[in-house]
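Shown next, in structure tokens, is the structure this report addresses.
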Protein chains: 2
Amino acid sequence: MTGEGAAGRPELSRGKVLQKALELADAEGITGLSIRSLAQSIGTKPMSLYYYVANKDEILDGLVDLVFAEISTPQAGGEWKEQMRRRAHSAREVLRRHPWAIGLLESRKAPGPETLKHHEATLATLRAAGFTVQQTARAYSLLDSYIYGFALQEAALPIAGGEPMAQVAAPIIERFASGEYPHLVEIATQVVMQPDYDYGNEFGYGLELILKALEPASAA
Amino acid sequence: MTGEGAAGRPELSRGKVLQKALELADAEGITGLSIRSLAQSIGTKPMSLYYYVANKDEILDGLVDLVFAEISTPQAGGEWKEQMRRRAHSAREVLRRHPWAIGLLESRKAPGPETLKHHEATLATLRAAGFTVQQTARAYSLLDSYIYGFALQEAALPIAGGEPMAQVAAPIIERFASGEYPHLVEIATQVVMQPDYDYGNEFGYGLELILKALEPASAA
DNA sequence: GCCTCCTTCGTACAGCGTACGAAAGTTGTT
DNA sequence: AACAACTTTCGTACGCTGTACGAAGGAGGC
């Protein structure tokens, strides 16, 4: 009707839709990603997207898969601890770049090919390092629990940036006077509000503690 | 207008609104909780709710606080490891009862009084056990990361129940033939699809591993 | 009787996902 | 050249969402 590219040679593709959806989610947050806003950012009309995806849920599934594709994949050859360390730090970094993805993990049920590939490679690395099947399952669950949980807490902080920690403490400050939360005050003043404090740096501490405890022998 | 209780003595209260919202979220999931559906379940009209809450976000904040109130609060007197164990298991159980709450944690910025009380009590217990301020912050972050991450993964599983694990494996089964994911198959068949397997039982394994590694002295 | 406050809620609006079907271009066949 | 078949785009409309605005009506004080 209006059309420059009405038919035959497609102007659009499923990949382009997902790519633009990723950019839009990064820019505006997951609530800013609507079919209408996505179509506008692509330069097309809402209903055109439905030729490439069945519904919005399929877009969200695709986004999760794109995010998994960004996480560094371990190789079965290398030293397992170093491989898991790299993977963990990469996963955290990716989830910090796409904080909306954490909430999506909860509701997706159809893992994409990149997701499966990633899991497969990680499991292969642990098995090759001598973990039994049982140990592998437990170690993987433990590591991912830590990674996702840390990312979740990080995403719940006010905003990324240097030291916006004064803001997270601000609403509590009002109740400071009552002396009702002395230990929260203690943590806030002596740790969180220190000028060079960055919560993200704490990730390595917990990760190393877990890796250290995860020797194949002791993970039974 | 229509009303049995039009004015003066309120039929409603903020607490009742939040209570009903909790029940509705448990019954229908967080997407089933709309202002209209909530009003209907209470037996009033949508706009009446806005006398008690400023907007829907305030309801969600209130729900998170209600959930925190359900988590067993540690006592500063007892043995810290046992206190943290109890708290962790309680938190996981509560988040399994209210799986929608996990996704809410990400987006809430205003902690409620119950949330603050809970944090305060947990911090107090760790400090009383001899953890330094720094160690306390790290230990707490580590424990909560694990708890939230585990709950998140648990919520991502198909449905609660005995052994619905065959379902989560089903979509992958199609790609079994290709031999592309041998380790996923291995885990699926030898661990996940075992008739008595319950992912929730794995929580204790990781928790004990973390608690063991968390001695105040070594947590520097 | 009236005035003021508390509480309820009817109406309306802009936004959402998407079902349905029409329109228009390209390609293949004759 | 004509026509059919297929691919791709998108206009319209429906039922849903949160909520701004303001009217309505009962309760208590004077």
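Residue numbering restarts at 1 for every chain, and letters A, B, ... go by the order of the sequence lines.
- Summarising the geometry, the separation between CD1 on B:Ile42 and P on C:dC9 is reported as 11 Å, rounded to the nearest angstrom.
- Across the protein-nucleic acid pair, B:Glu58 atom CD and D:dT19 atom P stand 10 Å apart, rounded to whole Å.
- Within 4.0 Å of B:Ser48, counting heavy atoms only, lies at least one base atom of the nucleic acid.
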Dump every N/O contact between nucleotides 18-20 of chain C and the protein below 3.5 Å, one line per pair.
| from | atom 1 | to | atom 2 | distance (Å) |
| --- | --- | --- | --- | --- |
| C:dT18 | OP2 | A:Tyr50 | OH | 2.8 |
| C:dT18 | OP2 | A:Lys56 | N | 2.8 |

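- Taking the ring-ring contact (aromatic ring centres under 6.0 Å, His included) definition, one finds that B:Tyr148 meets it with nothing, sequence neighbours left out.
- There is a side-chain donor-acceptor pair under 3.5 Å between A:Ser37 and A:Ser34.
- Residues satisfying the ring-ring contact (aromatic ring centres under 6.0 Å, His included) criterion with A:Phe68, sequence neighbours excluded, are A:His118, A:His119.
- Residues in residues 28-39 of chain A take part in no salt bridge (charged side-chain N to carboxylate O under 4.0 Å, His left out) pair, two or more places apart or across chains.
- Taking atom OH on B:Tyr51 and atom C1' on D:dG26, their separation rounds to 13 Å, with Å as the unit.
- Contacts of residues 20-32 of chain B with DNA chain D (heavy atom under 4.0 Å): none.
- Residue pairs satisfying the ring-ring contact (aromatic ring centres under 6.0 Å, His included) criterion with at least one member in residues 17-44 of chain B, sequence neighbours excluded, are absent.
- The distance from atom NZ of A:Lys45 to atom P of C:dA22 is 20 Å, rounded to the nearest whole Å.
- Residue pairs meeting the ring-ring contact (aromatic ring centres under 6.0 Å, His included) criterion with at least one member in residues 17-44 of chain A: none, sequence neighbours excluded.
- Whole-Å rounding puts the A:Arg14 CZ to D:dT7 P distance at 18 Å.
- A sub-4.0 Å separation between OP1 or OP2 of D:dC10 and a side-chain N or O of A:Thr44 is present.
- Partners of B:Glu58 under the side-chain contact (heavy atoms from CB on, under 4.5 Å) rule, at least two apart in sequence or in another chain, are B:Arg14, B:Val53, B:Ala54, B:Asn55.
- The six-membered or imidazole ring of A:Tyr146 lies near that of A:Phe203, with a centre-to-centre distance under 6.0 Å.
- Here D:dT8 presents its C1' atom at 12 Å from CG of A:Leu49, a figure rounded to the nearest Å.
- Within the structure, no pair that satisfies the ring-ring contact (aromatic ring centres under 6.0 Å, His included) test touches residues 16-36 of chain A, not counting sequence neighbours.
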